[in-house]
S.K.: 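First, the structure itself, so that you have it in front of you.
Just so we're on the same page: letters track the sequence lines, and every chain starts at 1.
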Amino acid sequence: MVKKKFSERCYSLLKKVPKGRVTTYKALAEGMGCRAYQAVGSAMNKNPYAPKVPCHRVVNSNGSVGGFAYGVKKKIEILKTEGVCVENGKIINFEKILYEF
DNA sequence: CGGTTGACCAAGT
DNA sequence: GACTTGGCCAACC
């Protein structure tokens with residue numbers, strides 16, 4: 001076992017992110033020892049674990065929310081519910097709530 | 001197995 | 001600050 005797909009690893013790592021925090025595609029990829037930023041995004045796009053994985057806690061490295069399968073607007077709403085401040089599609093206190101592995 | 005795509009990133013113009 | 005180019009890796013055709 002252990003032989004999980006790349007995406008599966010992304011989800012597992014992502015589940016490690018506590019509420020009220022966000023992470024970046026870059027942090028996720030590098031956190032698992034890869035540089036597949038794009039691959040992480042692609043995995044989220046398919047998002048087979050939609051409600052099981054907090055994909056809404058993943059944002060771009062520049063602090064922008066990036067995208068979301070359910071709609072960026074929805075993503076922001078969820079983040080606000082989690083206690084994250086979002087303004088104009090950007091994360092406030094991005095570096096303060098950024099969770100790295 | 002080669003080419004395209006993607007919720008990306010960094011640097012250059 | 002906005003757009004372009006190159007690079008990166010996995011998934012799909």
S.K.: If you count heavy atoms of other groups shown closer than 6.0 angstrom to OH of Tyr70(A), is the number above 12?
M.R.: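 Check fails, neighbour count at 12 or below.
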S.K.: Tyr25(A) near the nucleic acid: base, sugar-phosphate alone, or nothing, with a heavy-atom cut-off under 4.0 Å?
M.R.: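 Touches a base.
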S.K.: Separation of Asn47(A) atom CG from dA11(C) atom C1', in whole Å?
M.R.: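 About 15 Å, once rounded to whole Å.
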S.K.: Can Glu30(A) and Arg35(A) be said to form a salt bridge (Lys or Arg N to Asp or Glu O under 4.0 Å), step by step?
M.R.: CA-CA 6 Å; Glu30(A) 294 193 334; Arg35(A) 290 179 183 149; 5.3 Å; no
S.K.: When you get a sec, tell me which of dA10(B), dC9(C), dC8(B) is the closest nucleotide to the side chain of Gln38(A)?
M.R.: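 Comparing dA10(B), dC9(C), dC8(B) against the side chain of Gln38(A), the answer is dC8(B).
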S.K.: Send over the distance from Asn62(A) CG to dA2(C) P, rounded to a whole Å.
M.R.: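 From Asn62(A) CG to dA2(C) P: 11 Å.
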S.K.: What is the separation between atom NZ on Lys26(A) and atom C1' on dA10(C), rounded to the nearest whole Å?
M.R.: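 Lys26(A) atom NZ is separated from dA10(C) atom C1' by 19 Å.
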S.K.: For dC8(B), take OP1 and OP2 only and decide whether either is under 4.0 Å from a side-chain N or O of Asn60(A).
M.R.: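 True: Asn60(A) side-chain N/O within range (under 4.0 Å) of dC8(B) OP1/OP2.
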S.K.: Nearest-Å distance, OH (Tyr49(A)) to C1' (dA7(B))?
M.R.: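 So the two atoms are 18 Å apart, to the nearest Å.
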S.K.: Side-chain N or O of Lys46(A) versus OP1/OP2 of dG6(B): is the shortest distance under 4.0 Å?
M.R.: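 No, because none of the side-chain N or O atoms of Lys46(A) sits under 4.0 Å from OP1 or OP2 of dG6(B).
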S.K.: Assign Ala36(A) to base, sugar-phosphate, or nothing according to its heavy-atom contacts below 4.0 angstrom with the strands shown.
M.R.: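 Touches sugar-phosphate only.
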S.K.: Does Ser7(A) reach a base, just sugar-phosphate, or nothing at all? Heavy atoms under 4.0 Å.
M.R.: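 Result for Ser7(A) = sugar-phosphate.
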S.K.: Between dC8(C) and dG6(B), how many Å separate the two C1' atoms, rounded to a whole number?
M.R.: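 The answer is 12 Å between these two C1' atoms.
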S.K.: In whole angstroms, how far is the P atom of dA10(C) from the CZ atom of Arg35(A)?
M.R.: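 To the nearest whole Å, that distance equals 12 Å.
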S.K.: If I pick the P atom on dA7(B) and the same atom on dG7(C), what distance separates them, to the nearest angstrom?
M.R.: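 Between the two P atoms, the distance is 22 Å.
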S.K.: Rounded to the nearest angstrom, tell me the gap between atom CD in Glu100(A) and atom P in dC9(B).
M.R.: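 Atom-to-atom, Glu100(A) to dC9(B), this comes out as 13 Å.
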S.K.: Let me check something: do Val72(A) and Val84(A) share a hydrophobic cluster, defined by ILVMFWY side-chain heavy atoms less than 4.5 Å apart, either directly or through other members?
M.R.: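 Yes.
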S.K.: Quickly work out the Leu79(A) CG to dA7(B) P distance and round it to whole Å.
M.R.: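 Taking CG of Leu79(A) and P of dA7(B), I get 18 Å after rounding.
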S.K.: Please compare Ser42(A) and Tyr37(A) by the position of their nearest nucleotide in DNA chain C and report the one closer to 5'.
M.R.: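 The answer here is Tyr37(A).
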S.K.: Can you tell me how far C1' of dA7(B) sits from CD1 of Ile76(A), to the nearest Å?
M.R.: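 From Ile76(A) CD1 to dA7(B) C1': 13 Å.
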S.K.: Check every atom of dC9(B), dC9(C), dA7(B) against the side chain of Phe68(A) and return the nucleotide holding the closest atom.
M.R.: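 Nearest nucleotide to the side chain: dA7(B).
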S.K.: Using side-chain heavy atoms (C-beta onward) and a distance below 4.5 Å, is Leu98(A) in contact with Ile91(A)?
M.R.: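 A side-chain contact under 4.5 Å is absent here.
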S.K.: In terms of the angle between their ring planes, are His56(A) and Phe68(A) parallel, tilted or perpendicular, with boundaries placed at 30° and 60°?
M.R.: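 Judged by the thresholds at 30° and 60°, the geometry between His56(A) and Phe68(A) is perpendicular.
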